[in-house]
Amino acid sequence: MATAVRVRYAPSPTGQPHIGNIRTALFNWLFARRNGGKFIVRIEDTDQTRLTPGAVEAILDGLRWLNIDWDEGPEVGGPHSPYEQSRRLEVYRRMAEQLVDQGNAYYCYCSREELERLRRASRGAGAAPYSGGGCNCRRMGRAGAVGEPEGDDSRVVRFAMPESGVTQVRDLIRGDVEWRNELQEDFIILKSDGFPTYHLAVVADDHLMEISHVMRAEEWLPSTPRHLQLYSALGFQPPEFAHLPMITGTDRAKLSKRHGATAIGEYREQGYLPEALLNFMVLLGWSLDGSTEVMPLQTIIDHFTIDRITKSAAIFDQDKLLWMNGVYIRELDANELARRMTPFIPRELDGDEQDYLGRIAPLVQERLKRLDESGEVTAYFFGELPDYDPATLAQRGMDAIDALIALQLALDVINRDTKDGNFDHKRVESSLKSAEQRLELSRRQFFGLLRVAATGRAVSPPLFETMEVLGRKRVLFRLSQAIELLLHQQSYLEKSYLALPEMLNHLNRSTAPAILAMSKCLRPETDKAILLMAERLRARTESAIRKFVKHLTLERGNVTEIQRILELIPKKDDALIKEVAWRLDGGHYQAVLNWLEQLRLEDPEFRYSNRAGENDTNRHFGG
RNA sequence: GGGGCGUUCGUCUAGCGGCCCAGGACACCGCCCUCUCAAGGCGGAGAUCAGGGGUUCGAAUCCCCUACGCCCUACCA
């Protein structure tokens, strides 16, 4: 019967968990899950000088975030506790002693300086440094060890490598690999501080913890012969070995800080989905079939076999990860998306806002690549619209007048069509599309304008859906706000009123009854403003009129009647004036009045927004 | 210097002697869709399979050599 699969992830807590390390953990974990085996986490904290506070927690958090669970290890314990090597020193010390007793290891008293000298000398010699007893300790040590003082704090224990023959490993990924023993050096197994080196500790623990397969990064391949010799000297049955390809930066060098984000925590903070990162990482060195890339975890587990692991190192391709993250985001249920976006929204959300976010989420879903874009991409849904440049309102090929006209029309039409409070996007769409037909604007221009007015941006999710989610109140307010913004722009202001003085001219002279009635509706302040404008703008009235004529559509019952009037008053065309005037009725005077009222903006004392809603304009018309 | 591993489009990869003058994906380019941005659809460009020798009727696939890259060469893991 085949031995049970027991694999392990053995990180050393020397810093933030690395993408490369975590990928190793992932492969081990997948292998365990695939084979119904156990996945063990063991902390290799044998280097006291490199310990980093919080590193163990960070490693464990990284695993938990990716949903990689462990059957034995820190926090969960297990039959081979403890799982921190610093708490198992006795085990290693005993084994080291046993090896010394057996003659497989010896005490070495060489100073670091001597060692360094030896090392340099051996460089050009073609042999491994102090191999086969390069220093004298091996030869004299065995005999001399007996007489040495116990606990000498400068001595280390070195393993005595065989001086001939080869050590061979049958790597599950790389096949047979062999090394000549004479080229191997006598490596240290127990340091002078009493801690084991990696080599002794892994072998001891992998054996004691009954590890069946050692899957680790390729950088460990060169030390495998040491481990094998250790197993043999200790009389242990070695496990299977599989050396995983490394993950490198774009320069093909071992991944390091200068390659950008390498710590798994950074990916979490940048809004990568753990399932996306996991899926992506597994593809770095493993493939299902060469064409299936995005796949559920269960599929990965079901098909995860060592024979499909690649041999060569892989560059970590951020672009592809980003793409895959987008894929996973799009696959999320809207509520789930909202839930995951929440931590990335830079404001506390109350219950209502959380619901609101739930409605926003589907809109931004397919244009979100990372969760950390959440704040940015939803900003205009919350609170007031931040200042935006009114110049962005008018789309290509439009000027402020076009924008003003279209905005006013949209405002009126939406206001009228959704009075009952039903503000779904279909309704808004049909309403705005009918309005669009009355304007000489392309759809792109009209909706582009409205988009800026509603969101403050040139780019957003589809307009009508966005408006629906924003809600009637916000939309209406923002449209009028946009109008106001435009009017506040000095240069635009002038243009927008170009036609008014001319109109005033005609009002004063014309005899058309409707126009007279209209002038009666003008309140004194407004009148004054118009006169002021007239003076200022006299020189340009001609072109202004032409401008308005362009926007004219003749249709009864149209709020844009005001524009028509303006447009229909070219000089010497009283007939036309009459024609328009004739079409006016009470309802349109309202529009006229609204329009004229905006003039008051010219005079700061008559802020439009301060007065809006206050005026009982109907009074002037007598109902 | 020594030892080891690796080498298929820019990147991740498929390929285990004929199905491959090499397939998929990301990125890139173009078109379509379209109210913007995305998403999506369609199409394009992109690899003399590191180079050279063999073996074979036939090689990206097997063997050898060379080159290049990377890893190890610490009382670090």
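Since this is a predicted model, take the numbers as computed values, not measurements.
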Chemist: Heavy atoms under 4.0 Å, any strand shown: does A:R216 hit a base, just sugar-phosphate, or nothing?
Modeler: nothing
Chemist: Quickly work out the A:D319 CG to B:rC12 P distance and round it to whole Å.
Modeler: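 Rounding to the nearest Å, CG of A:D319 and P of B:rC12 are 13 Å apart.
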Chemist: Can you name the atoms? Protein N/O to nucleotides 18-21 of chain B N/O, anything below 3.5 Å, with the distance.
Modeler:
none

Chemist: In terms of side-chain heavy atoms of A:R50, which of B:rC76, B:rG4, B:rC71 is nearest?
Modeler: B:rC76
Chemist: For B:rC26, give the paired nucleotide (Watson-Crick: N1-N3 plus N6-O4 or O6-N4; G-U: N1-O2 and O6-N3; both under 3.5 Å), or none.
Modeler: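 Here B:rC26 is engaged in a pair, and the nucleotide opposite it is B:rG10.
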Chemist: Report the base-pairing partner of B:rC70 (Watson-Crick or G-U wobble, both distances below 3.5 angstrom), or none.
Modeler: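 Partner of B:rC70: B:rG4.
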Chemist: Might you work through the ring-ring contact (aromatic ring centres under 6.0 Å, His included) test for A:H213 and A:F27, ending with a clear yes or no?
Modeler: CA-CA 12 Å; A:H213 301 257; A:F27 275 33; over 10 Å; no
Chemist: For A:W323 and B:rA25, what is the distance between atoms CH2 and C1' respectively, to the nearest whole Å?
Modeler: 6 Å
Chemist: Where the side chain of A:I188 is defined as all heavy atoms beyond and including C-beta, which of B:rC12, B:rU36, B:rC75 is the nearest nucleotide?
Modeler: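 From the listed options, B:rC75 comes nearest.
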Chemist: Run the ring-centre check on A:Y272 versus A:Y328 and record whether the distance is less than 6.0 Å.
Modeler: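 Between A:Y328 and A:Y272, which both carry aromatic rings, the centre distance is not below 6.0 Å.
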Chemist: Quick one: A:Y107 OH to B:rC75 P, roughly how many Å, whole number?
Modeler: 18 Å
Chemist: Does A:D205 come within less than 4.0 Å of A:R88, counting only side-chain N to carboxylate O?
Modeler: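 Salt bridge present between A:D205 and A:R88.
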Chemist: I need the residues from residues 450-464 of chain A with at least one non-hydrogen atom less than 4.0 Å from RNA chain B; give them sorted by number, or say none.
Modeler: A:R451, A:A458, A:V459, A:S460, A:P461, A:P462, A:L463, A:F464
Chemist: Has the side chain of A:Q184 got a donor or acceptor atom sitting under 3.5 Å from an opposite partner on the base of B:rG3?
Modeler: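 Side chain to base: no pair present.
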Chemist: Choosing from B:rA25, B:rA39, B:rC72, which nucleotide comes nearest the side chain of A:R330?
Modeler: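 That would be B:rA39.
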Chemist: If you pin A:V156 and A:E429 to their nearest nucleotides in RNA chain B, which one's is more 5'?
Modeler: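 Result of the comparison: A:E429.
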Chemist: Mark up nucleotides 43-51 of chain B, 5' to 3', with B wherever a protein heavy atom is under 4.0 angstrom from a base atom, S wherever such an atom reaches only the sugar-phosphate, and - elsewhere.
Modeler: ---------
